[in-house]
Protein chains: 2
Amino acid sequence: MNRPIRRVTIKQVAEEAGVSTQTVSRVINERPDVAPETRQRVKEVIARLGYQPSSVARSLIQGRTRTLGVVGYGVEYFGPSRNLSGIEQQASEMGYALILDLVRRPEQSNVEHILREMLARHVDGIIWAVPEIGGNREWVTQAPQLPVPLIFLSTQPRPGIAIANVDNRSGGRMATRHLIEQGRRNIGIITGPLSWWEARQRQCGWQDALENAGLPVSEEFVVEGDWSAASGEQGLRMLLERCSRLDAVFASNDQMALGALQAARRAGLRVPEDLAIVGFDDIPEAAYFCPPLTTIRQDMVELGRLAVRELSRMIEASLEGQTTIEPRAILLRPQLIVRESTVPQGNRTYLFRR
Amino acid sequence: MNRPIRRVTIKQVAEEAGVSTQTVSRVINERPDVAPETRQRVKEVIARLGYQPSSVARSLIQGRTRTLGVVGYGVEYFGPSRNLSGIEQQASEMGYALILDLVRRPEQSNVEHILREMLARHVDGIIWAVPEIGGNREWVTQAPQLPVPLIFLSTQPRPGIAIANVDNRSGGRMATRHLIEQGRRNIGIITGPLSWWEARQRQCGWQDALENAGLPVSEEFVVEGDWSAASGEQGLRMLLERCSRLDAVFASNDQMALGALQAARRAGLRVPEDLAIVGFDDIPEAAYFCPPLTTIRQDMVELGRLAVRELSRMIEASLEGQTTIEPRAILLRPQLIVRESTVPQGNRTYLFRR
DNA sequence: GTGAAAGCGCTAACAC
DNA sequence: GTGTTAGCGCTTTCAC
């Protein structure tokens, strides 16, 4: 392996082209005030030497790195991975690079340490894409004091804080309302871990829908899961034990819905005839569950993109010294996807027709 | 929002503490040659001012950023997301930050551009985690000429190139051998897109196993999918049309296996009695398919970790001027996970016992 | 149009 | 132990 010992610097290019480093700088920055022949000559040298300006040196001078810090959790899951993907797409389109930090214990990650790391690397802004769990947002009031703008994802709105969320409550409402419209009356819920703000929001949506329909909301109908298929399976078993009249379940994500489908099968229940099931997320596999799963789709890619655009807006404002910019709260509406786990195949056409 | 206008610099700390910047530098780098009182005083000032050394400035001097560039594809899929997670974990443990670039068209991404970006940001090494597809590795011979080490993931081994792979061929062999051991004789395969090197490897494994068992290998048994559940569904339908004696299928990933399960169900076939199905990946949902899916598990997290460790080794060697270090090819063996899609429930205990 | 000088924030090398 | 000087690679003044 013959690795070039040192990178080519602006100095070498200048020397080789017989000009000052200044002129080279002008050329690489496309400044107008360079003689055409000079420009040409310099460009040739650059190409020949394979010179690449150091963005590290540039950053040092300009106080701006064109880098965003992303603090994420759970890329191995569907939502967060799409989220990251959207963030990367938009950032890349806007000329930002991404520094990625993934936390593994979202409830108790070392916020201080992560922020110091990001700031040491002079990121221009930070996207905090770790879900709000337990008390892991207690430091939120310090965010505005940071030297760079920060936007939170999946976080309870608070005044003065920039936030981008999917409307989980509305999603829970849509799921449950759909079940009610199918004539279901005894509708259970398998929630996510209730320490998660998003899980609680989905539950609130379920409750909203029941109350709007004048149906009773009972503790008996609530089981807490942990997002896993295993917990969904166990969750449905528990609901069935508690309440034999159960005719529908809202599982707060598709994995738990999958587990619930399996539990229903084992209990000898037909889905949707005996028991209707709705999930949340619309993972690609959901359309191939047995039966295909009705669920709530959330556009996590778009959410990521929106977050980057908003953050960029904040960065620009901050660079221009506008201290008055009001942080926005972005809210993305999810969408109901109807499949056979709630509507018997025969009825489906009918449903779409009305 | 009251954002501090400027960051605190070493100069301010020095002034405030009444020492030279040198001394401050010594303190933050934990050098021994500072008087205890001085150290104490400086530390207090640092804490009071909230000073954070600029790694940008440090990088400029030391010619080293403690940053790895990661070029990835498909974080929204199971394998790549785990991969990224493993990379991040290991990098973080070793004190490296990650700069992330996700390509969206892996066959034809602009390699030159991406490398320039990474090098401009002075990454210490690069992990190329885009799968080998079509001719997208034609530039591979240039890798050793780069100013920093680079390791490829999911790439056909080539001399002089550092690589980390799961042994897909062995995985395909394991899957197929398992089907043969279950007494199956007409074993079809739904491959991934054959422009993918990994997909071809899995197919080679299937062929190996058939040949080892003295079974005929026929074109008729091969259908090309695109990794999606939809293609798996269609793939099985095609196989069934072509060959009514078909008694087993190796689907080259779990999504396609899921689609195949659905097609089998619709064709009125019992799984595994009439048709056995094996997948590849062991996504978490696989255990909850209907029936639970036998599959090949690959530890993508570990693969990511291994890649980072190897890259780090190359970086250290390169910094010490050892030009003779021989790039390694890491190969991770996958593992067969037996579930009910290949073994009728009754036989299962028997199988484990022998 | 082009170059010289200064400096971004930090550390290495040397002096005291 | 501590300070001074120089310089990493680049851009920003400000001359000429």
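Chain letters run A, B, ... following the sequence lines, proteins first and then strands; every chain starts at 1. Given the structure is predicted, the values throughout are model-derived calculations rather than measurements.
The salt bridge (Lys or Arg N to Asp or Glu O under 4.0 Å) search around A:Arg309 returns A:Glu302, not counting sequence neighbours. By the salt bridge (Lys or Arg N to Asp or Glu O under 4.0 Å) test, A:Arg121 pairs with A:Glu117, sequence neighbours left out.
Atom CZ of B:Arg39 and atom C1' of D:dT2 are 13 Å apart (whole Å). The interatomic distance linking B:His122 (NE2) with C:dG9 (P) rounds to 18 Å, in whole Å. Nucleotide D:dG1 holds its C1' atom 17 Å from the CD atom of B:Gln40, rounded to whole Å. One can place CD of B:Glu15 at 13 Å from P of D:dG3, the figure rounded to the nearest angstrom.
Among the protein residues, B:Val19 comes within range of the sugar-phosphate backbone only, with heavy atoms under 4.0 Å from sugar or phosphate atoms but none that close to a base.
Pairs engaging residues 130-149 of chain B under the ring-ring contact (aromatic ring centres under 6.0 Å, His included) rule: B:Trp128-B:Trp139, B:Trp139-B:Phe152 [sequence neighbours left out].
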Distance-only criterion, 3.5 Å: show the donor-acceptor pairs between side-chain atoms of residues 28-39 of chain A and protein atoms not counting sequence neighbours.
residue: A:Asn29; atom: OD1; partner: A:Arg58; partner atom: NH2; Å: 3.4
residue: A:Asn29; atom: ND2; partner: A:Ser25; partner atom: O; Å: 2.8
residue: A:Asn29; atom: ND2; partner: A:Ser25; partner atom: OG; Å: 3.4
residue: A:Arg39; atom: NH2; partner: A:Arg31; partner atom: O; Å: 2.6

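Rotation axes derived from the C1' atoms of the five outermost pairs at either end of the helix from C:dG1-D:dC16 to C:dC16-D:dG1 lie 40° apart, to the nearest 10°.
Place B:Leu60 and B:Thr38 on DNA chain D by their nearest nucleotides, and B:Thr38 ends up nearer the 5' end.
Between the side chain of A:Asn165 and the backbone N or O of A:Thr155 there is at least one donor-acceptor pair closer than 3.5 Å. Formation of a donor-acceptor pair under 3.5 Å by the A:Ser81 side chain with backbone atoms of A:Tyr77 is found in this model. Side chain of B:Asp124 to main chain of B:Thr65: a donor-acceptor pair is present (N/O by atom type, distance under 3.5 Å, no hydrogens or angles). In this structure, the side chain of A:Gln52 does not engage the main chain of B:Ala120 through any donor-acceptor pair within 3.5 Å.
Across D:dT2, C:dG3, C:dG1, the shortest atom-to-atom separation from the side chain of B:Asp33 is found for D:dT2.
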Protein heavy-atom contacts under 4.0 Å, written 5' to 3' over nucleotides 10-16 of chain C as B (base), S (sugar-phosphate only) or - (none), form the string BBBBB--

